[in-house]
Amino acid sequence: MLTAALKENLSFMVVEVARQLDETFDFLANGGVAAFQKINSRDDYIDNLKTVIENCCFTTLSEAKSITQRERDSIRATHTICVNLERIGDFCVSAADQLHYLNNHAILQYFDYQRIFDILVEHLQAVLPVLQNGDMGKALAICRAENQIDVIYKENFDRIMEALRRGKEIENLITVLFIFRYLERMGDSLLNIGEALLLSILGEKIKIEQFQALEETLNKSGLRSNLAEVEFSSILGSRSGCRIRKVQGHEEQPLLAPQTQSSIFKEGNKEKILTEKKNLERWNEIFPGLTPRLFSHQESEETASLLVEFLPGHTLETILLKDDSDELHTVWTPLKSTVLEIWHRTKKGNPVKANFIPQIMARMHSVLSVHPDFHRVRQDIGSSEVIPTDELLAKCRHIEEKLAAPFSVFIHGDFNVNNILYNAARERIQLIDLYRSREADYIQDVSVFIVSNFRQPVFQTHLRERLNWITRNMYQMAREFAAEQGDETFEVRMALALARSFYTSTRFEWNNDFAHEMFLRSHFLLEKVLAHEDKSWPTFSLPSGIMYY
């Protein structure tokens, strides 16, 4: 899969870094000016090899007329390996250089650094065979060697701290600690090499912690835990910070459970993952089949993972951006009936506040980090005064505290068009990404849906007409539902909800003109609410044109 030149130069680099490790160990044990000069000289050769390998990788990728994905993955892995081999060489120089600061060389010999060098050399020798043969077990062993090095580092760190408390040889002990810190960082580079080898084998970039979580979650679900028998691919587009992958068995080696042949593996922040687990279970109780089935979950101290059903079909976003009016009208019917059924089935009579303004305030920092000028200051235009953003939000928050939906429903929480699936074969709507589901004001889901259509980065007239059509239908459906339920403050709460969604969505939009359009619409809605403060809220009229681009 790799060119002869790449294999040859990478082989030389592995050999040279292994020699660098051996000579660094000898230097730490015995010292000697000539030995240090040799380490420095070899580092220059390692740097040159890295440059040669990088050039070869980039040239192969750019000039090859036909290259398979597997070959591309091997080249990517090779580049990562050479970068981290060079770092190990650099850390050797840095560790050796610390010896010059030792007044008492013998003190270093009281600490166990040999085991770290032994582990590094042993696993470096496995790099080329693993890259060539795709041995998963040995790739994992290289990754896990970093943990062994961390354990040894911690043992020596504790001994150094204990010695420092005695108040003797302080400068020398600190120097010894620096040396061990460089050795520990070599372990980090070895881990990067191991994860690059996993990339070359699996075809996906995955960290060892994610790999272990996936392996344990598959095993707990009753599936095979050998990931050599599993194909998985990244699911792009998540802004939640979670890692999401599609998992499926090879055709010739299917997973044990047919119903889980294709699954979604989600791993990340423990609180978020466990909240999503709880919400999936709640949705399954309320509306079986509406959301993915939960197959298994796994927890560690800081992270958690889920294995859930992969739902076939197309997102509503995909359908909207296709030029097929019949399909769009076909999808609207089950979408409308599903949303209304959720609202009716989960409706509770207790009033609930959505707190749209606090949601804007909580996301203000994220908005300003992308668009620093989206924070209006006080201005005078003729005899009129423009209220600054902070003051406008504060006044609207005071108004909102007096408003509440007369009932709550169980909302999706992130009801945008790429979290809604349509299964044409079964003619049904299904929902995904349910971390934010909760009892709340139904208007929140409606406003998120409307603005998710508005902020689609398409400007062709016929596509905009499709987006506006479904926006109009969703709004009209919600308005009719509000009238049926006697919800008299529907329109003012919708204005606040849309203001919230317009404003907070700007943090996802780099097109400043388009983002500024949403920013202005948000402020316009807030100003309109504020202007109505002394009047009866049931008489408030939402300017519906604000929803359409």
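- Side chain to side chain, Gln69 and Asp73 meet the donor-acceptor criterion of an N or O pair below 3.5 Å.
- Inspection of the Ser366 and Ser369 side chains reveals no N or O donor paired with an N or O acceptor under 3.5 Å.
- One distance of note links OG1 of Thr80 with CD1 of Ile75; it measures 12.0 Å at 0.5 Å rounding.
- Counting all heavy atoms, side chain and backbone alike, Ser337 lies closest to Pro334 at OG-O, 3.0 Å.
- Checked against the 6.0 Å centroid threshold, Trp343 and Phe410 do not count as a close aromatic pair.
- Classification of the His371-Phe374 ring pair by plane angle, with boundaries at 30° and 60°, yields parallel.
- The structure places OG1 of Thr303 at 8.5 Å from CD1 of Ile273, a figure rounded to the nearest 0.5 Å.
- By the 4.5 Å heavy-atom criterion applied to side chains, Ile357 and Leu526 are counted as neighbours.
- For the residue pair Arg282 / Asn279, no side-chain donor-acceptor distance below 3.5 Å is found, with atom types taken as modelled.
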Please evaluate residues Phe454 and Phe502 with respect to the criterion ring pair (Phe, Tyr, Trp, His ring centres under 6.0 Å), reporting the C-alpha separation (whole Å), side-chain torsions for both, the decisive distance (0.1 Å), and the verdict. CA-CA 9 Å; Phe454 183 95; Phe502 276 128; 5.1 Å; yes

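- With contacts defined as side-chain heavy-atom distances shorter than 4.5 Å, the pair Lys336/Met474 does not qualify.
- For His375, the NE2 atom counts as densely surrounded, since its 6.0 Å shell holds more than 12 non-hydrogen atoms of other residues, nucleotides or ligands.
- Relative orientation of the Phe481 and His344 rings is perpendicular, given thresholds of 30° and 60° on the angle between their planes.
- Using a 4.5 Å heavy-atom cutoff, the side chains of Tyr422 and Thr330 are in contact.
- Glu491 approaches Leu542 most closely through the heavy-atom pair OE1-N, 2.6 Å.
- Counting heavy atoms from C-beta outward, Gln444 and Phe415 have side chains that stay 4.5 Å or more apart.
- Taking the six-membered ring for Trp and the full ring otherwise, Tyr503 and His523 have centroids separated by under 6.0 Å.
- Counting heavy-atom neighbours within 6.0 Å of Gln476 CD, excluding the residue itself, gives a total above 12.
- Gln359 CD: more than 12 foreign heavy atoms inside a 6.0 Å radius.
- A donor-acceptor pair shorter than 3.5 Å can be found between the side chains of Thr539 and His532.
- Annotation: cation-pi pair Arg493/Phe356 absent, no NZ/CZ under 6.0 Å from the ring centroid and within 45° of its normal.
- To the nearest 0.5 Å, atoms CD1 (Ile470) and NE2 (His329) are separated by 9.5 Å.
- How far OG of Ser544 is from CE of Met494: 11.5 Å, rounded to the nearest 0.5 Å.
- Annotation: the span from Ile201 atom CD1 to Leu140 atom CG amounts to 7.5 Å, rounded to 0.5 Å.
- Under the 4.5 Å side-chain criterion, counting only non-hydrogen atoms from C-beta, Gln430 is not in contact with Glu309.
- Around atom CD of Glu427, no more than 12 heavy atoms belonging to other residues, nucleotides or ligands sit under 6.0 Å away.
- Side-chain atoms of His297 and Ser305 form no donor-acceptor pair, as typed in the model, at a separation below 3.5 Å.
- For His365, the NE2 atom is loosely surrounded, since the number of other residues' heavy atoms within 6.0 Å does not exceed 12.
- In terms of heavy atoms, Ser263 sits closest to Leu307 at CB-CD1, 3.7 Å.
- Tyr442 and Asp487 are linked by a side-chain donor-acceptor pair at a separation below 3.5 angstrom, with hydrogens and angles left out of the test.
- More than 12 heavy atoms of other residues, nucleotides or ligands sit less than 6.0 Å from atom CZ of Arg72.
- In this structure, Glu276 and Arg436 have side chains that are not in contact, with every pair of non-hydrogen atoms separated by 4.5 Å or more.
- Rounding to the nearest 0.5 Å places CG of Leu431 at 11.0 Å from CG of Asp414.
- Looking only at side-chain heavy atoms (C-beta outward), Ser408 and Lys348 come within less than 4.5 Å of each other.
- Checked against the 6.0 Å centroid threshold, Phe514 and Phe459 count as a close aromatic pair.
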